[in-house]
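Below is one structure, written out as structure tokens; comments come after it.
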Amino acid sequence: MAPNGKGTLPDAHFRKHWKRYVHTWFDQPASKKRRRRTRLQKAAKIAPRPAAGPLRPVVRCPTFRYNTKVRAGRGFSLAELKEAGISRKFAQTIGIAVDHRRRNKSQESLQLNAQRLKEYRSKLIIFPRKLSKPHKGDSDAETLKLATQLKGPVLPIKQPKSIMKRRPISEDEKKSSVFQALRVARANQRLAGVRAKKVAGQDGGGGGKGE
């Protein structure tokens, strides 16, 4: 390559090993078939239990941005199991995920997941270890004939919908200022300690430098 008019040396990299940085995806159709075959094998292995795995609790997503949405959690807390009347060891044998580290921070979540456990328990079909010797709580022979493997998620989680109807703005809302209310609230929080100290000093009779 000839130099340009300013006399600078060419800096052309023609010997890059481009084959090292190319990633092909020709095995994508075969990987799709392999994943599907693995799912079918896992479902057949754990049958007649649900193919999607154990029952999961309903939890709130973290951070202020996503906490209005719900998703499946790792496992039910011990308080939720106690509220539903299910022991920890027994829950792990009937397809209920347990997370001993999780804590309930609201009564609403406790009641919601406890009701979820009760609903799951009412629809559950428990096979006896020995068909000739069923234990207390096992399903009868007629119910066992109706058992089929669930392919989808166990008790799917639905997002709550908050529907607000349109309405005209009231006169009080037009007169009030949300920005001003927030500024006053922030100022009250920031100056709470200073004001309390000032009131305590007045009640104690001063004690400043001028005395």
Side-chain angles (χ1 to χ4, degrees), residues 16-78 80-81 83-84 86-104 109-135 137-163:
K16 293 180 180 178
H17 298 282
W18 63 272
K19 295 182 180 180
R20 299 178 183 176
Y21 309 104
V22 174
H23 178 70
T24 60
W25 203 28
F26 299 135
D27 59 341
Q28 190 270 337
S31 299
K32 182 180 178 180
K33 292 182 179 179
R34 183 169 62 250
R35 290 193 300 269
R36 183 176 183 275
R37 185 170 61 250
T38 304
R39 288 196 302 268
L40 294 177
Q41 291 176 356
K42 179 183 177 182
K45 184 178 180 181
I46 65 175
R49 291 175 293 217
L55 179 69
R56 305 285 181 179
V58 179
V59 298
R60 289 280 173 183
C61 298
T63 70
F64 178 76
R65 182 176 182 179
Y66 299 105
N67 65 353
T68 56
K69 296 184 178 181
V70 294
R71 63 173 178 82
R74 183 182 182 89
F76 290 89
S77 64
L78 302 181
E80 293 168 352
L81 294 173
E83 185 72 17
I86 303 175
S87 64
R88 175 182 177 180
K89 292 184 178 180
F90 181 64
Q92 294 174 341
T93 61
I94 60 175
I96 298 176
V98 180
D99 186 8
H100 66 278
R101 298 168 297 183
R102 186 164 155 264
R103 300 289 184 270
N104 293 98
S109 66
L110 177 64
Q111 295 294 335
L112 176 63
N113 286 316
Q115 185 63 29
R116 184 175 172 85
L117 286 170
K118 293 177 182 178
E119 182 182 357
Y120 173 77
R121 188 72 175 85
S122 63
K123 299 180 179 180
L124 188 64
I125 298 177
I126 300 179
F127 283 74
R129 292 182 179 273
K130 291 185 178 180
L131 296 176
S132 58
K133 295 181 179 179
H135 292 279
D138 296 340
S139 302
D140 54 0
E142 297 297 331
T143 309
L144 295 179
K145 295 179 182 179
L146 305 175
T148 57
Q149 188 179 30
L150 182 64
K151 300 299 182 181
V154 184
L155 296 180
I157 298 175
K158 298 180 180 180
Q159 296 293 336
K161 295 182 180 180
S162 58
I163 302 176

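This is a predicted model, so every value here is computed, not measured. Note that these values count all heavy atoms, side chains included, but never hydrogens, waters or copies made by symmetry.
The shortest non-hydrogen separation linking Ile86 to Ala91 is CG2-CB, 3.8 Å. Shortest non-hydrogen contact noted between Pro134 and Pro128 is CA-CB, 3.9 Å. Heavy-atom minimum distance, Arg102 versus Gly75: NH1-O, 3.3 Å. Here the shortest heavy-atom pairing between Asn104 and Ser77 reads OD1-OG, 2.6 Å. When every heavy atom of Ala51 is checked against every heavy atom of Ala43, the shortest pair comes out as CB-CB, 3.9 Å. The two atoms that bring Pro57 and Arg116 nearest to each other are CA-NE, 4.3 Å, heavy atoms only.
A 6.0 Å sphere centred on NZ of Lys69 holds no more than 12 heavy atoms belonging to other residues, nucleotides or ligands. Applying the 6.0 Å contact sphere to OH of Tyr66 captures no more than 12 heavy atoms from other residues, nucleotides or ligands.
Rounded to the nearest 0.5 Å, atoms CD (Gln28) and NZ (Lys33) are 11.0 Å apart. With rounding to the nearest 0.5 Å, the separation of NZ in Lys130 from NE2 in His135 is 8.0 Å. Distance CZ/Arg71 to CZ/Arg56: 11.0 Å, rounded to 0.5 Å. To the nearest 0.5 angstrom, Ile46 atom CD1 is 6.0 Å from Gln149 atom CD. Atom NZ of Lys145 sits about 14.0 Å away from atom OG of Ser139, to the nearest 0.5 Å. Interatomic distance, Arg34 CZ to Arg37 CZ, rounded to the nearest 0.5 Å: 7.5 Å.
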>> Working note: Arg35 + Thr38, criterion side chain to side chain donor-acceptor pair (under 3.5 Å); need CA distance, chi angles, decisive distance, verdict.
In response: CA-CA 5 Å; Arg35 290 193 300 269; Thr38 304; over 6 Å; no
>> Run Arg121 and Ile94 through side chain to side chain contact (heavy atoms under 4.5 Å, CB included) and show every step you take.
In response: CA-CA 9 Å; Arg121 188 72 175 85; Ile94 60 175; 4.3 Å; yes
> Stepwise, does the side chain to side chain contact (heavy atoms under 4.5 Å, CB included) test hold for Tyr120 with Val154?
Replying inline: CA-CA 8 Å; Tyr120 173 77; Val154 184; 3.7 Å; yes
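Proximity of Leu144 to Leu131: side-chain heavy atoms (C-beta onward) are separated by under 4.5 Å at one or more points. Two residues are said to be in side-chain contact when any heavy atoms from C-beta on lie closer than 4.5 Å; Phe76 and Asn113 meet this criterion. Contact of the Ser31 side chain with the Trp25 side chain is not registered, since no non-hydrogen atoms from C-beta on lie closer than 4.5 Å. Counting heavy atoms from C-beta outward, Val70 and Val59 have side chains that stay 4.5 Å or more apart. The side-chain heavy atoms of Leu117 and Leu55, taken from C-beta on, include a pair separated by under 4.5 Å.
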